[in-house]
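Report on one structure; see the data block that follows.
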Amino acid sequence: MIVLTTVADMVKARDLAVRPLGLVPTMGYLHEGHLTLARQARQETRTVVASIFVNPTQFGPAEDFASYPRDMERDLTMLRSEGVDIVFAPTVDEMYPKGYSTYVDVEGVTKPLEGARRPGHFQGVATVVAKLFTIVRPDRSYFGQKDGQQVAVVKRMTLDLNLGTEIIVVRTVREPDGLAMSSRNVYLTPAERRAAPVLYLALCRVRELWQQGQRDAEAMRQEMVRLITSEPLAQVDYVSIAAATTLEELAQVNGPAMVSLAVRFGRTHLIDNISLP
Ligand code: AMP
């Protein structure tokens, strides 16, 4: 496994790489969710590139960019054992040198949910992903369903800008009690950690209602709020039942939908989602 830190070296390596080439973009502090993406890339492509870059442009001024957990040595060990070929780990200055002025704005899907709660977040995501696609030129790019709105944004941008990479979505990897794995779970206190599976419980309850024939989205949103507020440490940011591609809120669930929620435990924001059907 080789570790590259400059754009110039990454461009050289991608030009020499055996195709198809798979890209797994991450912000590091890896867990089993990230490794599942890497494993699938390893199975489906000849050259696997994982990027590790805590992207400052997707963090708001009051967010945790400076304190976001980092452990490069551990990450590299984990990626090596998954058979990753190249790790691209640029510095902030390498990605955003002095004078940097170009940002990608995706309309529509970036506006609700996390976009409303975190202004500028998806502009940062779209910008860094567009840059990674341009630098690495992957045939296939692997993203987790865990960040469901991010998937919708990246798919929209890739289509609109003809970026020419196939977006592969990988199922959410969960702890045994249902909590979606996330680098930010380390922020939870033991009591918050015990309460956190309520997110998945609420999502599973909606799936159950839907399977029983419920189609009224508002009734299902209310049931999610009821379940989450029964957990005293949890504060609901939003619950949503939206059309899968556009993320417009639904009145009736008659086609593909994303059921998602954001819940705060103390200072930690957790998000999760499931797809219907
Ligand atoms: P991050 O490092 O949080 O930016 O995540 C990098 C990639 O891993 C994104 O595509 C995430 O959606 C994906 N990912 C993070 N957590 C999970 C999980 N629990 N299951 C599946 N994919 C995940």
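In listed order, ligands and their atoms are each counted from 1. Note that the structure is predicted; figures quoted are calculated from it, not measured.
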Point to revise | Minimum-distance protein heavy atom relative to atom 21 (C) of ligand 1 | key: Arg171 O, 3.5 Å
Study note, to complete from the structure: the protein heavy atom lying closest to atom 7 (C) of ligand 1 turns out to be Pro25 O, 3.6 Å
Study note, to complete from the structure: Any heavy atom of Ser182 under 4.0 Å from ligand 1? The part involved is neither
**Study point:** Partner residues of Tyr68 under the ring pair (Phe, Tyr, Trp, His ring centres under 6.0 Å) criterion, sequence neighbours left out
**Key:** Phe59
Review point. Are any of the heavy atoms in Arg184 under 4.0 Å away from ligand 1?
Key: no
Practice item. Using heavy-atom distances, let me know which of Val173, Val151, Asp75, Leu37 sits nearest atom 20 (N) of ligand 1. Key: Val173
Revision key, fill the gap. Atom 22 (N) of ligand 1 sits nearest the protein heavy atom Gly144 CA, 3.5 Å
Exercise for review: Please indicate whether any nitrogen or oxygen in Gln145 is less than 3.5 Å from any nitrogen or oxygen in ligand 1.
Suggested key: no
Point to revise | Which residue and heavy atom of the protein sit nearest atom 12 (O) of ligand 1, plus the separation | key: Asp147 OD2, 2.6 Å
Check your understanding: Should we count CZ of Arg46 as having more than 12 external heavy atoms under 6.0 Å?
Key -> no
Check your understanding: Are Tyr96 and Asn55 linked by a side-chain donor-acceptor pair shorter than 3.5 Å?
Key -> yes
**Study point:** Met181-ligand 1 polar pair, N/O distance under 3.5 Å
**Key:** yes
Practice item. Can you figure out which of Gln150, Met27, His31, His34 has its heavy atom closest to atom 16 (N) of ligand 1? Key: His31
